[in-house]
Amino acid sequence: HLMQSREEVDGMNSVLRSLGIAQRSKKLALTLSAAMALGIVLMLSLMAPSSSALPLFSAPKPKRPTGDVLPDGFVPISVSGMAGLNTVVQLCPLDFERHARAPWETPMFKDLVARCPSSQRVAKTLAQLKEELPTLQSPDGFVFHQSRVGSTLISNMLAADPDNLVYAESQPPATAALHCTSCSRQEQIEMLRIIVNAMANSKRHKRLFFKFQSVQSTVIDLYREAFPNVPWIYLYREPNEILASQLKRSLSSAPCLRSRRRPSSEVTAKIGSTAYAGPEQFCAAYLSTLAEHAVRNIKADPGLGAAINYNRLPTVVTDWIVPVHFGFPITEDTKARMLKAASYYSKERSEAGKKFEGDVDAKQRLAEGKMAAAASKYMTPSYQELEALAKAREGQQQVPRMPGPRAAPREVDQSARRPRSILGNVGQFFGNFGGRDVAPPGSKYSEEEKITEYLPYPKLQPLGDFLEQWPPDEPDIPDIPNIAEGTLQRFDYSDPVQRAEADQLRLHEVPFMLYNVPNINQVRDKWAQDEYLIRKFGAQNLKVTTSTTNHFMYFNRGSAQKQRSYRPPTGMKSLAFKDWLALTRSAENRGPETPHYYLQLNSVGPNAWIADDITDFQPKRSFFIVEPHLNRGINCRFGSRGIIAEAHYDGGRNFVAMLRGAKRYILLPPSECPNTYLYPRGHPEARHSKADWSQLNAQEYPRLKTAQAAQVVVRAGEVLYI
């Protein structure tokens, strides 16, 4: 099996191989296992170790699209030529994984955009985005603010949870909301919805947040109308402190003075002609209009809008905003990461990464004379109203918000991917693969059902074509229609009729796919949380396999010791799971010729909890376990993005269940074994192909290129039978 882990989710891949099906067979399917993880892959195997799955904790770097459909990971970075649905949008894959690791280093949207090369950028119209993208995920929360009030601290805290996709002062929504002067209200709403939907184009993230520019406080009502179920907060601060922060460096180039030449009617209504207003007066008047918009919208929408005073930061984020107002659970580990992000200063680029220190007293001292007078005259009334709204909310009983209506995270339509059943009558099965010798004990199928004539399933093609179209060292799915879906039959496990069809294929050792397996789905969701796995594994030392490249060749240590000249292809080191996770994350975007790390363990001793989670693979007779007495536990595989487990065959039958991430398998029928150039028995690398499939030498291994193969990508929640 060529197993390539490459999924856009924060990914842990689990392969669960049912040892209960491990009766020896005379017909063994050769498998190349090239597991390419985008982050970390986990395989759980109920059989002897043979193939490897690698969990993924980060998204791949998508290739520049060549077709019509926008690949996962490409998001809007700029909008120009405001012309309704003909508006042009530039898109590019952004490095949100780096942002999640240290949000204070790239706190603003523009910091991420600056790292996106022009070669990766593509242009689409809003009409194209509307047509190409399904409804993805509505936002989980908005952050509006009055400026210099800790909004960047909040966006950094939200981004510290890798499940959150956070945009801090992104240009595309602002352009649609503020600069489409010829657009009608409904046109603006439609444009906003398309842009925000496109900015959710990341399958690995579970939640979506926006922290807007302070000027967008003037269009809170537009966002409320476009996204009526999204909770939002408004950050404010004591007026003297805001003015001092705005004007501390310059009285001529402060951010609050940017609209001085073209002030809004609201500002001129307060101060008259700007020609006679000093910078303190103009700034105070301008900032007061932002707060007044917030006051009106909170009063109109007290359930979804909330006023938050700067002096409540940062603990109000982890104690109330996230778990209650935005309504999603927060673990102690996530809380710690958020509070760590809050401890770094990131507003000024020259001081990024510096430990944050409070500056309330210093700003109060600065705000004297004209500054204090302007703050008192223009800003204090709206500040007092915001304080009253905040106190009224705090006096109410607070219960966690239930997430509002939203589209489900984007998933592949399994029913559309499952080919029309070609099973035909009972007893008519598929060829090249298959051919068990004896029906298992207790099987409802008789010996007479042994198949000797097969239909042409699955569809095969030359191995060389697969390796050319999608090189093993490339973990990103190429833009080739249906290349990931493959030609294997897919069955809905929850449908009794389809499960019975799968049962027939399992009996006759024909590869197939399952989805909608309740226990696997439950564990997939539970193991999606890093904190859960870190807590379960604890501080025990685990044996980690190391390699100087992305290739991992299994070798028999007993055979290796008998050959003095043999040099083991991999090494070994001991690490706690948490340390291994950090090491793997640091290596996940490296190239193939760099060190990689691979963790393999079994569900025995301190890790017996794995079998408690995976109840479908406990040693009792079931669809997955045919011979419980042969069960030796669950073998687990964790690896980083891009890892390849070299081509090999396994002597037993496998169920491979992905819990996080995805993995590419290339399968060859037993009839192709002579064409794969296997090491002989007695060699340390017996069962494995001699050829490097990443750089196939057709002269040395001529038959390999034309060997017939099938391929499939197994995604989180899916199960592959080999």
Side-chain angles (χ1 to χ4, degrees), residues 10 57-58 94-112 139-170 199 202 204-214 230-237 245 305-349 351-360 390 398 400-401 403 529-531 585:
D10 183 304
F57 285 94
S58 68
L94 301 180
D95 191 355
F96 289 110
E97 284 62 51
R98 171 174 179 162
H99 185 50
R101 288 193 292 269
W104 54 88
E105 294 180 355
T106 54
M108 294 297 176
F109 180 72
K110 63 183 180 182
D111 299 321
L112 298 174
D140 292 85
F142 291 150
V143 177
F144 297 96
H145 58 100
Q146 200 173 2
S147 182
R148 303 286 179 163
V149 293
S151 62
T152 304
L153 179 145
I154 289 185
S155 62
N156 285 351
M157 292 179 73
L158 290 171
D161 183 343
D163 286 340
N164 296 341
L165 178 55
V166 182
Y167 292 99
E169 304 195 5
S170 52
M199 297 182 82
S202 175
R204 68 167 294 272
H205 290 96
K206 297 180 180 178
R207 294 175 287 270
L208 176 65
F209 297 96
F210 286 84
K211 190 267 279 197
F212 297 116
Q213 298 89 339
S214 60
V230 176
W232 55 278
I233 62 172
Y234 185 80
L235 281 165
Y236 65 99
R237 189 176 183 179
S245 181
I308 304 293
N309 195 320
Y310 170 87
N311 62 20
R312 298 285 310 281
L313 299 178
T315 55
V316 69
V317 178
T318 53
D319 294 345
W320 186 82
I321 294 175
V322 168
V324 178
H325 193 55
F326 289 161
F328 68 89
I330 178 172
T331 66
E332 288 302 315
D333 285 343
T334 300
K335 182 176 181 179
R337 284 202 302 268
M338 288 184 171
L339 293 175
K340 177 183 177 181
S343 69
Y344 286 92
Y345 189 76
S346 61
K347 193 66 181 177
E348 299 293 341
R349 296 299 183 276
E351 298 180 344
K354 174 185 174 182
K355 287 289 186 177
F356 177 79
E357 299 177 359
D359 58 356
V360 171
Q398 301 292 320
R401 177 182 306 282
Q529 303 299 321
D530 301 353
E531 296 83 0
R585 279 179 166 165

query = Are any of the side-chain heavy atoms of L94 and F109 separated by less than 4.5 Å?
reply = yes
ask   = Going from CG on N156 to CZ on R337, what distance comes out if it is rounded to the nearest 0.5 angstrom?
value = 14.0 Å
query = Between K206 and D140, what is the shortest heavy-atom contact and its length?
reply = O-OD1, 4.4 Å
task = Could you tell me whether the side chain of V322 reaches within less than 4.5 Å of the side chain of M157, counting heavy atoms only?
result = no
request  = Give the minimum heavy-atom separation between S245 and R148, together with the two atoms involved.
outcome  = OG-CD, 3.2 Å
task = Determine whether Q529 and D163 make a side-chain contact, defined as any pair of heavy atoms from C-beta on separated by less than 4.5 Å.
result = yes
ask   = Partners of T331 by side chain to side chain donor-acceptor pair (under 3.5 Å), sequence neighbours excluded?
value = T334
Salt bridge (charged side-chain N to carboxylate O under 4.0 Å, His left out) partners of residues 311-328, not counting sequence neighbours, each pair once = R312-E394, D319-K335
request  = For P314 and L339, work out which heavy atoms get closest and say how close.
outcome  = CG-CD2, 4.2 Å
message = What's the separation between atom NE2 in H205 and atom CG in D161, rounded to the nearest 0.5 Å?
response = 9.0 Å
message = Could you check whether F210 and F212 have their ring centres less than 6.0 Å apart?
response = yes
query = Do side-chain atoms of R237 reach the backbone of Y310 as a donor and acceptor pair under 3.5 angstrom?
reply = no
note = The side-chain contact (heavy atoms from CB on, under 4.5 Å) partners of A307 (sequence neighbours excluded) come to Y236, I298, L386, A390
query = Just by distance, do the side chain of N164 and the backbone of A159 share a donor-acceptor pair under 3.5 Å?
reply = no
note = In terms of heavy-atom contacts, A160 and P103 come closest through N-CG, 4.0 Å
remark   = Only one of T315, D333, I330 passes side chain to side chain contact (heavy atoms under 4.5 Å, CB included) with M338, and that residue is I330
query = If we only count heavy atoms from C-beta on, is the K211 to V166 side-chain gap below 4.5 Å?
reply = no
query = Are any of the side-chain heavy atoms of S155 and V143 separated by less than 4.5 Å?
reply = no
ask   = Got a sec, which residues hit ring-ring contact (aromatic ring centres under 6.0 Å, His included) with Y234, two or more places apart in sequence or on another chain?
value = none
note = Residues passing the side chain to side chain donor-acceptor pair (under 3.5 Å) test with T106, sequence neighbours excluded, are H99
Minimal non-hydrogen separation, S170 against Q213, with atom names = O-NE2, 3.2 Å
message = Please find the pair of heavy atoms, one from L235 and one from S151, that lie closest to each other, and give the distance.
response = CD1-CA, 3.5 Å
ask   = Among F209, F142, W320, W232, which one satisfies ring pair (Phe, Tyr, Trp, His ring centres under 6.0 Å) with F326?
value = F209
message = Quick one: does any side-chain atom of D111 pair with a main-chain N or O of M108 as donor and acceptor, under 3.5 Å?
response = yes
message = Run the side chain to side chain donor-acceptor pair (under 3.5 Å) test against S147 and tell me which residues pass, sequence neighbours left out.
response = Q246
key: Nearest-0.5 Å distance that lies between atom OG1 in T152 and atom CD in E169   = 5.5 Å
